[in-house]
> 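Quick one: the structure is below, questions incoming.
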Amino acid sequence: MWWFQRGLCFLPVSLVIWTTASFVFAYITAVVLRHVDPLVPYISDTGTMAPERCVFGIMLDVSAFLGMATTYVRYKQVEALMVEPKLRLHRLNLSGLMLGVVSSFGMCVVANFQKTTLFSLHLVGAVLTFGVGFLYILVQTLVSFYMQPHVHSRTAYRVRLCVAVWTLCSAVSMFISSVVMYSSLPGVDVAQKLHWTPGETGYTAHIISTVSEWSLALSFISFFLTYIRDFQKINLRVETDLASSHLYDCPHNEAAAPRHGDPEASESSPLLAGKP
């Protein structure tokens, strides 16, 4: 059995590969069609113009679904590993599930509301994706802290802590550089600006902001790589629990019995039997 066939580790693997592919595909298409500059554009800029925005939106919608599935499996795993009921860990685990779902939903908003069309909604989606996503990373890091060393090693906690610090630094750098960029371009609709010329006002702040955004996205995606070994040790199954032996609204015997004068005769009807 291959490593990606063990348990449910294919979920975080698929999430990381698919999301990275959506970024790379949109970037290559946008650069080839000269919709953006090759030197580190915003991720959102690569999914603004047609046709790349269509595929970009579809692919990120799939990523959102994978993200929700991954956060749910993580929630069920932590819940099952809590041998003794601990209120603090239970609250953190439940908070992680809600934050993960909200962050995944924000990815859908980012994908389907382009910055050049509805900038306010696009900004809300970005805050939900990365802002709430950082809170999700922080919560899961705390969960890992309380679960080590009995459930997993300290290494897993330390790796997740490093990714959380990486995410925080990228977010702070992006926020500061974006504020500097917007303040240096008064009266300019930066949201509609897809091409930048080296040396123009705000160019340096723009480059720092875009590099920080790519770093933020990569750090956010990289966090799910830490789930691979954990998800190799979990499987979920669906059990069928029938409340009744039939799908009629009334008891089976009454529903199955043919009624006199009913236009829909039973299978013993002469017409259905082929008799004239």
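Numbering starts at 1 and runs along the sequence shown.
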> Hydrophobic clustering (ILVMFWY, side-chain heavy atoms < 4.5 Å, transitive) - are Leu194 and Met181 grouped together?
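The answer is no; the residues belong to distinct hydrophobic clusters.
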
> Using the six-membered ring wherever Trp is involved, compare the ring planes of Tyr203 and His206 and label them parallel, tilted or perpendicular (cut-offs 30° and 60°).
tilted

> Kindly say whether Arg91 contributes a backbone atom to a donor-acceptor pair with the side chain of Ser95 at under 3.5 angstrom?
yes

> Quick check against the 3.5 Å criterion: does Gln148 have a side-chain atom that pairs as donor or acceptor with the backbone of Ala156?
no

> What about Ile43 and Leu33, same hydrophobic cluster or not, with Ile/Leu/Val/Met/Phe/Trp/Tyr joined at side-chain heavy-atom distances under 4.5 Å?
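Different clusters: Ile43 never reaches Leu33 through Ile, Leu, Val, Met, Phe, Trp or Tyr contacts under 4.5 Å.
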
> Check whether Thr20 reaches the backbone of Ile17 with its side chain - one donor and one acceptor, N or O, closer than 3.5 Å.
no

> Taking the side chain as every heavy atom from C-beta outward, state whether Val127 and Val132 have any pair of such atoms under 4.5 Å apart.
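The answer is no; the side chains never approach within 4.5 Å.
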
> Cluster question for you: counting only ILVMFWY and a side-chain heavy-atom cut-off of under 4.5 Å, with indirect links fine, are Leu94 and Phe145 together?
yes

> Is the gap between the ring centers of Tyr157 and His152 under 6.0 Å?
no

> Is the shortest heavy-atom distance from the side chain of Phe119 to the side chain of Asp189 under 4.5 Å?
no

> Please say whether more than 12 non-hydrogen atoms of neighbouring residues, nucleotides or ligands are located less than 6.0 Å from OH in Tyr42.
yes

> Which heavy atom of Ala164 sits nearest a heavy atom of Phe134, and at what distance?
O-CE1, 3.5 Å

> Would a 4.5 Å heavy-atom cut-off, applied to side chains only, mark His122 and Val110 as touching?
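Yes, their side chains come closer than 4.5 Å.
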
> Tell me whether His195 at atom NE2 has more than 12 heavy atoms from other residues, nucleotides or ligands lying less than 6.0 Å away.
yes

> Taking atom types as modelled, is there a side-chain donor on Gln140 or Arg74 under 3.5 Å from an acceptor on the other?
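Indeed, the side chains of Gln140 and Arg74 share at least one donor-acceptor pair under 3.5 Å.
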
> Using every non-hydrogen atom in the two residues, find where Val190 and Lys115 come nearest and quote the distance to one decimal.
O-NZ, 4.4 Å

> Any donor-acceptor pair under 3.5 Å linking the side chain of Gln192 with the backbone of Thr116?
yes

> Please tell me if the side chains of Leu11 and Leu15 come closer than 4.5 Å, counting only heavy atoms from C-beta onward.
no

> Quick check against the 3.5 Å criterion: does Thr226 have a side-chain atom that pairs as donor or acceptor with the backbone of Ser222?
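No.
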
> On a heavy-atom basis, which atom in Val36 and which in Asp45 lie closest, and how many Å separate them?
CG1-O, 3.5 Å

> Looking at Ser219 and Ser215, would you say the former's side chain and the latter's main chain have a donor-acceptor pair under 3.5 Å?
yes

> At their closest point, which heavy atom of His90 faces which heavy atom of Met82, and how far apart are they?
N-SD, 3.9 Å

> If only atom types and distance count, is the side chain of Ser183 paired as donor or acceptor with the main-chain N or O of Val179 below 3.5 Å?
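Present.
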
> Closest approach of His35 and Ala50, non-hydrogen atoms and distance?
CE1-O, 3.2 Å

> Sub-3.5 Å donor-acceptor pair from the side chain of Ser103 to the main-chain atoms of Leu99, do we have one?
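Absent.
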
> Run Asn93 and Leu89 through side-chain contact (heavy atoms from CB on, under 4.5 Å) and show every step you take.
CA-CA 6 Å; Asn93 190 33; Leu89 188 58; 5.6 Å; no

> Could you label the plane-to-plane angle of the Phe56 and Phe23 rings as parallel, tilted or perpendicular, counting under 30° as parallel and over 60° as perpendicular?
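Phe56 and Phe23: tilted rings.
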
> So, taking the atom named CD1 in Ile137 and the one named OG in Ser144, what distance separates them when rounded to the nearest 0.5 Å?
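The OG atom of Ser144 is 11.5 Å from CD1 of Ile137, to the nearest 0.5 Å.
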
> For the atom pair CZ (Phe223) and CG (Leu138), what is the distance rounded to the nearest 0.5 Å?
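One finds 9.5 Å between CZ of Phe223 and CG of Leu138.
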
> Ignoring hydrogens and geometry, is there a side-chain-to-backbone donor-acceptor pair from Tyr27 to Pro38 under 3.5 Å?
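Yes: the side chain of Tyr27 pairs with the backbone of Pro38.
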
> For Val31 and Asp37, work out which heavy atoms get closest and say how close.
CG2-O, 4.3 Å

> Would a single hydrophobic cluster contain both Phe224 and Trp166, if residues Ile, Leu, Val, Met, Phe, Trp and Tyr are joined by side-chain heavy-atom contacts under 4.5 Å?
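The answer is no; the residues belong to distinct hydrophobic clusters.
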
> Atom OH of residue position Tyr182 - does it have more than 12 heavy atoms of other residues, nucleotides or ligands inside 6.0 Å?
yes

> Answer yes or no: is there a donor N or O on one side and an acceptor on the other, between the side chain of Thr129 and the main chain of Ala126, under 3.5 Å?
no

> Can you check whether Val24 reaches Ile28 side chain to side chain, under 4.5 Å on heavy atoms?
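Contact flag for Val24/Ile28 side chains = yes.
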
> Which word best sums up how the rings of Phe231 and Tyr227 line up, parallel for under 30°, tilted for 30 to 60°, or perpendicular for over 60°?
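Plane angle under 30°, so parallel.
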
> Could you walk me through whether Val78 and Met147 pass the side-chain contact (heavy atoms from CB on, under 4.5 Å) test, one step at a time?
CA-CA 9 Å; Val78 174; Met147 294 178 68; 4.0 Å; yes

> State yes or no: do Phe220 and Leu218 share one hydrophobic cluster built from I, L, V, M, F, W and Y residues joined by side-chain heavy-atom distances below 4.5 Å, directly or via other members?
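Per the 4.5 Å side-chain linkage, Phe220 and Leu218 are not co-clustered.
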
> Would you mind telling me which of Thr210, Ile208, Leu216 makes a side-chain contact (heavy atoms from CB on, under 4.5 Å) with Ser212?
Ile208

